Amino acid sequence: MSWAQSVTQCIQSGGMLTSVEDPAESNFLVEHADLYTSKTSGFWIGIYRNVKGQLLWQDNSALDFVNWSEGQPSEDQLDYCVELSASTGYWSILPCSSQKGFICKKPKTNSFLFALYLFTDAEKDKANGHLNMWILLTLVLIILLGMVFMIYFAFKTKTRSDIARKERWCSRQIEYSHALPERDNESDSTSNKEENEHSVV
């Protein structure tokens with residue numbers, strides 16, 4: 001990203017381009033920046049020249065510590081921005097439109113928390129964002145399909161149990177209806193016997 005894009009990204013994440021206030025902070029940054037030398041040769045830091053040509057930190061820290069590469073900075077490069085080398089930790093002045101990673105510094109209660117934002121290529125970030133979106137959409141679709149199948153099988157199970165209950169009820173009714181005519185036949189034969197006995201007497 002360019003220096004201006006890096007400033008915007010840091011502000012959106014609640015910080016600003018980092019200031020480097022002492023050798024310990026510089027060593028910390030170099031240790032972590034060195035891990036990303038395969039992705040970028042350097043990182044934008046929050047030092048810039050104002051309209052009077054003075055070097056200032058974006059977060060208004062005192063400019064007590066500097067770590068310039070040999071021959072840097074040049075007085076005739078007023079519209080240039082400062083990069084921290086990922087491999088050496090030295091600072092160099094580059095055109096502000098150069099594409100670099102950047103390091104944001106976020107305030108935290110009493111101390112500062114360093115957040116390394118390694119956006120070396122905005123297009124890669126967009127592609128990763130699109131990839132993440134597709135993964136999320138796929139997961140949501142899988143969850144929705146799972147819910148649909150659960151509802152379908154629950155309905156199917158309920159329907160089967162209702163049908164089985166109705167079949168049992170019908171079979172009981174049929175058994176009961178078959179049992180009634182036999183009783184009627186038994187009572188008819190008993191009454192016929194009684195009539196025959198009365199007639200014989």
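Numbers here are sequence positions counted from 1. Quantities reported herein were computed from a predicted structural model and do not represent experimental measurements. Scope of the values below: all heavy atoms of this structure, side chains included, with no hydrogens, waters or symmetry mates.
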Euclidean distance, Trp91 CH2 relative to Cys81 SG, rounded to 0.5 Å: 14.0 Å
Parallel, tilted or perpendicular: rings of Phe149 and Phe153 (30°, 60°): parallel
Side-chain donor/acceptor of Trp3 to backbone N/O of Ile45, under 3.5 Å: yes
Nearest-0.5 Å distance, CD of residue Gln5 to OG of residue Ser97: 10.0 Å
side-chain hydrogen bond (donor to acceptor under 3.5 Å, both in side chains) between Ser6 and Lys100, intermediate numbers included: CA-CA 9 Å; Ser6 300; Lys100 296 290 176 183; over 6 Å; no
Closest contact, heavy atoms only, Val82 versus Trp44: O-CE3, 3.2 Å
Min side-chain heavy-atom separation Thr18-Phe43 under 4.5 Å: no
Student check: side-chain heavy atoms of Ser13 and Lys106 closer than 4.5 Å: yes
Contact check, side chains of Ile103 and Leu29, non-hydrogen atoms, under 4.5 Å: yes
Ser92: partners by side-chain contact (heavy atoms from CB on, under 4.5 Å), with sequence neighbours left out: Ser69, Gln72, Glu83
Qualifying residues under side-chain contact (heavy atoms from CB on, under 4.5 Å), relative to Gln54, sequence neighbours excluded: Asn50, Lys52
side-chain contact (heavy atoms from CB on, under 4.5 Å) between Cys104 and Gln9, worked out: CA-CA 9 Å; Cys104 294; Gln9 189 70 37; 5.7 Å; no
Main-chain N/O of Gly46 paired to Asp59 side chain as donor or acceptor, under 3.5 Å: no
Close side-chain approach of Ile93 and Trp68, heavy atoms under 4.5 Å: yes
Residues forming a side-chain contact (heavy atoms from CB on, under 4.5 Å) with Ile11, sequence neighbours excluded: Val7, Gln58
Set of side-chain contact (heavy atoms from CB on, under 4.5 Å) partners for Asp22, sequence neighbours left out: Ala24, Glu25
Minimal non-hydrogen separation, Trp57 against Leu63, with atom names: NE1-CD1, 3.3 Å
Minimum side-chain heavy-atom gap Gln99-Ser2 below 4.5 Å: yes
Single-linkage hydrophobic cluster Tyr90~Leu94, side-chain heavy atoms < 4.5 angstrom: no
Co-membership, hydrophobic cluster, residues Met16 and Leu56, 4.5 Å side-chain: no
Euclidean distance, Leu137 CG relative to Ile142 CD1, rounded to 0.5 Å: 11.0 Å
Minimum-distance pair of heavy atoms, taken over all atoms of Gly89 and Leu84: O-CD1, 3.6 Å
Salt bridge (Lys or Arg N to Asp or Glu O under 4.0 Å) contacts touching residues 6-17 (sequence neighbours left out): none
With Ser98 via side chain to side chain donor-acceptor pair (under 3.5 Å) - residues at least two apart: none
Nearest non-hydrogen partners of Phe65 and Glu21, listed with the distance: CB-O, 3.4 Å
